[in-house]
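All heavy atoms count here, side chains included; hydrogens, waters and symmetry mates do not. This is a predicted model, so every value here is computed, not measured.
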Amino acid sequence: MTVARDLVGLHATDPATVFLSAAARLKEPARAVADLERALYDERSLVRTLGMRRTMFVLSRDLVPAVQAGVTDALVPGQRKRLVREIEENGIASDGSRWLRAVEADTLAALDVRGEVTGSELSKAVPALRTKLSYGEGKTWAGTTGVTTRLLFLLSTEQRAVRGRPTGSWTSTQYRWSPMAAWFPDGIARLTAAEARAELALAWLATYGPATTADLKWWTGWPLGQTRTALAAIGAVDVALDEGHGWVLPGDIAPVKAPASWAGLLPGLDPAAMGWHERDWYLGPHRPALFDRNGNVGPTVWVDGRIVGGWAQRADGEIAYELLEKVGTDAEAKVERAAKDLVGWLGAARVTPRFRTPLERRLST
């Protein structure tokens with residue numbers, strides 16, 4: 001759908017983010033869940049896949065080739081090598097690569113026959129998937145995981161399997177799996193890595209420019225050299241910013257009219273908060289309250305293009321929010337209306353961010 005394409009993907013590590021981010025930008029937010037589910041699972045015009053910074057995104061189909069060749073392909077060798085090593089270190093097979101290839105073939109065959117299945121259903125069809133891998137031996141975070149989890153992640157990284165419809169509601173983190181051919185019967189268009197990086201940089205800068213080299217480098221996870229090459233390839237124009245310089249597309253140099261005053265509540269990991277690395281110009285001094293220790297943003301309150309507070313949903317469904325700076329009476333009234341609208345939109349649904357932040361934790365109690 002248009003929102004996902006314009007934002008160059010919706011963050012999908014937390015499944016609720018996809019729906020909350022879309023609803024906040026739709027003229028008819030009440031339709032967000034139905035429209036997104038239709039696009040994801042019926043029309044399959046959106047795809048849930050691994051992308052920038054090893055993060056899950058929901059992408060429009062046309063962006064998948066650029067993200068795959070420009071970002072995800074580089075992750076495949078490391079993921080495969082890691083799984084082979086775990087197989088051998090756990091004593092499952094002396095030749096981990098050969099064992100893995102055999103299980104992959106059986107898993108893909110099972111997916112082709114069944115069309116859409118859960119991981120547990122796959123492990124019944126392919127007994128080797130139930131093999132356990134231990135990790136972190138001697139560490140406080142030590143544990144075990146099934147080969148199913150690791151292998152499906154690898155197959156999705158290689159675009160041979162895709163997460164489909166969840167087993168529960170739109171907030172569920174458990175998915176059914178399908179062969180990627182169900183989304184792309186003719187296969188995924190192949191781009192060179194350089195072509196893909198240029199296409200991805202073009203799409204990103206069209207939405208997030210003006211922005212800096214550091215912003216694009218962080219957002220994509222590319223090395224500095226690749227980032228600079230991609231910006232040069234699309235003819236990005238150097239422009240002066242309040243601090244230093246940044247880039248815009250050649251057609252975006254002219255001044256634009258300021259948008260109408262706006263206030264809204266955006267979810268954790270929303271693209272608007274995660275689109276840049278250098279955030280002071282819209283975040284101000286509020287990072288400690290609104291980000292976790294790993295750099296993940298929680299639910300935020302926005303007024304006229306700036307983050308001014310945070311919010312949380314309580315157990316009874318109430319939306320509690322706190323403004324971290326003065327915004328004026330009119331803006332406060334808009335935030336209050338946005339909070340009430342969100343209560344109505346969520347209804348009986350309860351949303352707890354996957355990555356919890358100091359202010360969200362406090363407001364949720």
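Salt bridge annotation for D35-R31: present, with a cationic side-chain nitrogen under 4.0 angstrom from a carboxylate oxygen. Salt bridge status for D304 with K334: absent, with no side-chain N to carboxylate O gap under 4.0 Å. A salt bridge links E104 to R80: one of the charged nitrogens lies within less than 4.0 Å of a carboxylate oxygen. A salt bridge does not link E121 with R114: every distance from a Lys NZ or Arg NE/NH1/NH2 to an Asp or Glu carboxylate oxygen is 4.0 Å or more. Ionic pairing of R101 and D106 is not present here: no N-O contact between side-chain nitrogen and carboxylate oxygen is shorter than 4.0 angstrom. For E322 and R362, the salt-bridge test passes: some basic side-chain N is under 4.0 Å from an acidic carboxylate O.
Counting non-hydrogen atoms of neighbouring residues, nucleotides and ligands closer than 6.0 angstrom, the CZ atom of R160 exceeds 12 such neighbours. Within a 6.0 Å radius of CG in D42, other residues, nucleotides and ligands contribute more than 12 heavy atoms. Applying the 6.0 Å contact sphere to CZ of R98 captures no more than 12 heavy atoms from other residues, nucleotides or ligands.
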Please step through side chain to side chain contact (heavy atoms under 4.5 Å, CB included) for the pair S156 and T49, ending with a clear verdict. CA-CA 7 Å; S156 67; T49 187; over 6 Å; no
Audit row: L20, L342, side chain to side chain contact (heavy atoms under 4.5 Å, CB included) steps and yes/no: CA-CA 9 Å; L20 289 165; L342 184 55; 4.0 Å; yes
With side chain to side chain contact (heavy atoms under 4.5 Å, CB included) as the criterion, how do L111 and S178 come out once you've worked through the C-alpha distance, each side chain's angles and the decisive distance to 0.1 Å? CA-CA 6 Å; L111 277 174; S178 299; 5.6 Å; no
Go through it in stages, so that I can follow the logic: the residues are W204 and D215, the test is side chain to side chain contact (heavy atoms under 4.5 Å, CB included), and I'd like the CA-CA distance, side-chain angles, deciding distance and then a yes or no. CA-CA 10 Å; W204 178 83; D215 289 329; 3.7 Å; yes
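Cation-pi geometry between R150 and F153 is not met at under 6.0 angstrom from the ring centre and within 45 degrees of the axis. A cation-pi arrangement is absent between R48 and F57, since the terminal nitrogen or guanidinium carbon is not both under 6.0 Å from the aromatic centre and inside a 45° cone about the axis.
Between the T207 side chain and the D6 main chain, a donor and an acceptor come within less than 3.5 Å of each other. No donor-acceptor pair closer than 3.5 Å links the side chain of Q79 to the backbone N or O of V76. For N90 (side chain) and S134 (main-chain N/O), a donor-acceptor pair under 3.5 Å exists by modelled atom type. T72 places a side-chain N or O within 3.5 Å of a backbone atom of L50 that can act as its donor or acceptor partner. Looking at S21, its side chain never comes within 3.5 Å of a backbone N or O of V18 through a donor-acceptor pair. Within the 3.5 Å criterion, the main-chain N or O of Q226 finds no donor-acceptor partner in the side chain of R197. Side-chain atoms of T17 come within 3.5 Å of backbone N or O of G268 as a donor-acceptor pair. Although no hydrogens or angles enter the test, the distance criterion places no donor-acceptor pair under 3.5 Å between the side chain of W302 and the main chain of L265. In this structure, Q68 contributes its side chain and T157 its backbone to a donor-acceptor pair below 3.5 Å. The main-chain N or O of A273 is found under 3.5 Å from a side-chain atom of Y282 such that the two form a donor-acceptor pair.
Defined by atom type and a distance below 3.5 Å, a donor-acceptor pair is missing between the side-chain atoms of R356 and T352. Judged purely by distance below 3.5 Å, without hydrogens or angles, the side chains of S364 and Q313 never pair a donor atom with an acceptor atom. At a cut-off of 3.5 Å, with distance as the only test, no side-chain donor of D330 or S261 sits close to an acceptor on the other residue.
Residues A23 and P29 come closest through the heavy atom pair O-CB, 3.3 Å.
Taking the side chain as every heavy atom from C-beta outward, T357 and L290 never approach each other to under 4.5 Å. For the pair R314/R350, no side-chain contact is recorded, criterion being any heavy-atom separation below 4.5 Å from C-beta on. When side chains are defined from C-beta on, V308 does not count as touching T300, because their heavy atoms never get closer than 4.5 Å. Looking at heavy atoms from C-beta onward, V3 lies in side-chain contact with L26 at the 4.5 angstrom threshold.
Note on ring orientation: taking the six-membered ring where Trp is involved, the planes of F19 and W170 are tilted (angle from 30° to 60°). Taking the six-membered ring where tryptophan is involved, the planes of H245 and W247 are perpendicular, since the angle between them exceeds 60° and thus also 30°.
For W218 and W276, the distance between ring centers is not under 6.0 angstrom.
Cluster membership check: I307 shares its hydrophobic cluster with Y208, using side-chain heavy-atom separations under 4.5 Å among Ile, Leu, Val, Met, Phe, Trp and Tyr.
Distance check: S60 OG to L63 CG gives 4.0 Å after rounding to the nearest 0.5 Å.
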